[in-house]
Amino acid sequence: MKLGVFDSGLGGLLISKSIAHAAPELDMLYLGDTLHLPYGNRSAQAIEAYTRRCMDAMFARDCSLVVMACNTASAACLRRLQQDYLPQHWPDRNILGVIVPTLEEAIDHGATNIGLIATNFIAQSNIYEEELQKINPDVRLQTLATPLLVPLIEQGGDKWLEDVLRDYFKAFDLEAMQSLILGCTHYVRLKNVVRSILPDHISIISQDDIIPRKLQDYLNRHPEHDLAIGRTGLREYTVTDLTDFYQSAANSLFGETVNIEVINT
Ligand code: DGL
């Protein structure tokens with residue numbers, strides 16, 4: 001069987017790459033729901049419907065465990081999928097989210113005032129605030145919706161990112177902030193530019209640094225998945241729609257031609 005990595009688009013490739021780097025032998029299937037991207041500007045109903053179809057496709061393709069790298073999908077439906085959909089349809093499989101591990105990482109850094117940049121959907125859902133309340137209600141979260149970032153990243157608009165980020169960051173109390181969470185898989189791409197803009201006292205919490213470690217912890221605690229996932233280094237990259245831009249972005253990310261298959265979900 002395989003480890004699945006799910007996202008709406010390019011961000012999931014960044015996470016897949018970091019997992020592959022940490023565990024090169026792990027058999028892995030990536031699915032990007034590029035046909036329906038951006039998830040962050042859609043309704044909860046639409047995100048859940050798309051995500052369920054993608055989960056079905058990944059489990060049908062023999063994923064034992066899926067990392068739901070997409071923060072937006074995690075906010076919209078992770079709990080319901082774990083509580084209702086999995087027991088009914090795929091009782092021996094599991095889906096892991098990224099929001100709680102990300103908050104835990106920020107708190108482990110000792111932050112008591114945390115910034116969050118995320119999609120519209122995440123910001124409006126309050127999911128980070130809700131989870132933070134359970135972990136440590138004394139920590140303050142400054143949340144900012146940054147909906148222009150995913151389209152710029154997906155469409156090759158890198159040269160505008162710095163200006164857009166500088167403008168967004170005006171809304172933050174940066175003096176009080178100790179850590180900034182990049183609360184979207186796509187924002188892994190922003191690490192360097194964010195670092196160059198933010199004051200030095202703010203640490204950057206990026207999910208490509210967190211997920212491989214948290215995944216390994218989970219596998220250590222869950223031998224049923226650890227043993228089920230093959231270790232032949234298999235890599236399958238699938239999307240629901242493939243453009244020339246996406247193909248060349250994937251090639252440049254991995255430094256080689258990536259074989260990407262288009263699947264129907
Ligand atoms: N990559 C997704 C996330 O982590 C969001 C991108 C999108 O809007 O589709 O939230």
Side-chain angles (χ1 to χ4, degrees), residues 4-19 30-55 58 66-79 81 95-103 105-106 116-131 143-157 161 164 168 180-191 194 204-212 214-215 237-243 245-246 249-250 253 265:
V5 178
F6 168 67
D7 189 49
S8 54
L10 266 181
L13 279 184
L14 297 159
I15 303 297
S16 303
K17 190 180 172 195
S18 67
I19 294 174
Y30 157 82
L31 173 58
D33 192 9
T34 44
L35 188 59
H36 300 118
L37 178 120
Y39 274 19
N41 295 331
R42 295 193 184 275
S43 68
Q45 289 76 8
I47 298 167
E48 179 163 353
Y50 297 147
T51 303
R52 282 174 72 117
R53 280 158 48 181
C54 289
M55 291 303 112
M58 298 183 90
V66 171
V67 174
M68 188 181 279
C70 184
N71 291 254
T72 305
S74 301
C77 57
L78 177 64
R79 264 183 241 148
L81 293 184
I95 306 171
L96 303 181
V98 292
I99 292 173
V100 172
T102 302
L103 282 167
E105 179 80 7
L116 169 70
I117 53 172
T119 62
N120 274 337
F121 188 89
I122 293 274
Q124 283 158 13
S125 75
N126 277 333
I127 184 83
Y128 271 88
E129 283 83 353
E130 281 170 25
E131 296 297 347
T143 301
L144 187 66
T146 49
L148 293 177
L149 300 178
V150 168
L152 285 175
I153 293 166
E154 284 279 340
Q155 304 300 326
L161 284 169
V164 171
Y168 274 140
L180 176 72
I181 291 176
L182 307 182
C184 172
T185 51
H186 286 71
Y187 300 175
V188 170
R189 279 276 294 275
L190 305 178
K191 257 196 287 189
V194 168
I204 297 170
I205 309 289
S206 177
Q207 293 174 334
D208 62 325
D209 297 326
I210 302 169
I211 294 174
K214 297 285 183 180
L215 171 67
Y237 298 100
T238 63
V239 288
T240 49
D241 186 36
L242 184 59
T243 59
F245 177 77
Y246 192 91
L253 179 67
T265 57

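All values derive from a computational prediction rather than experimental measurement. Residue indices begin at 1 and follow the sequence shown. One-based numbering, in listed order, for ligands and for the atoms of each.
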How far is atom 10 (O) of ligand 1 from its nearest protein heavy atom, and which residue and atom is that?
Thr72 OG1, 2.6 Å

Could I get the full list of salt bridge (Lys or Arg N to Asp or Glu O under 4.0 Å) partners for Lys214, not counting sequence neighbours?
Glu104

Are any of the N or O atoms of Asn71 closer than 3.5 Å to those of ligand 1?
yes

If we number the atoms of ligand 1 from 1 as shown, the ones under 4.0 Å from a heavy atom of Gly40 are 7 (C), 8 (O), 9 (O)

For atom 1 (N) of ligand 1, grab the closest protein heavy atom and report residue, atom and distance to one decimal in Å.
Thr185 OG1, 2.6 Å

Around atom 2 (C) of ligand 1, find the nearest protein heavy atom and jot down its residue, atom name and distance.
Cys70 SG, 3.4 Å

Any Gly11 heavy atom less than 4.0 Å to ligand 1
no

Qualifying residues under salt bridge (Lys or Arg N to Asp or Glu O under 4.0 Å), relative to Glu105, sequence neighbours excluded:
Arg213

How many angstroms lie between CZ in Arg189 and SG in Cys184, if you round to the nearest 0.5 Å?
12.0 Å

Measure the distance from atom 6 (C) of ligand 1 to every protein heavy atom, then report the residue, atom name and distance (to 0.1 Å) of the closest one.
Ser8 OG, 3.3 Å

Taking a cutoff of less than 4.0 Å between a non-hydrogen atom of the residue and any ligand atom, is Gly9 in contact with ligand 1?
no

Describe, in one word, how the ring planes of Tyr50 and His36 are oriented to each other, choosing from parallel (under 30°), tilted (30 to 60°) and perpendicular (over 60°).
parallel

Enter the distance from Thr119:OG1 to Tyr187:OH here, rounded to the nearest 0.5 Å.
6.0 Å

If only side-chain N and O atoms count, and only distance matters, is there a donor-acceptor pair under 3.5 Å linking Thr240 with Asp33?
yes

Heteroatom distance test (Asp7, ligand 1): nitrogen or oxygen, under 3.5 angstrom:
yes

Less than 3.5 Å apart, any donor N or O on the side chain of Tyr246 or Asp241 sitting next to an acceptor on the other?
no

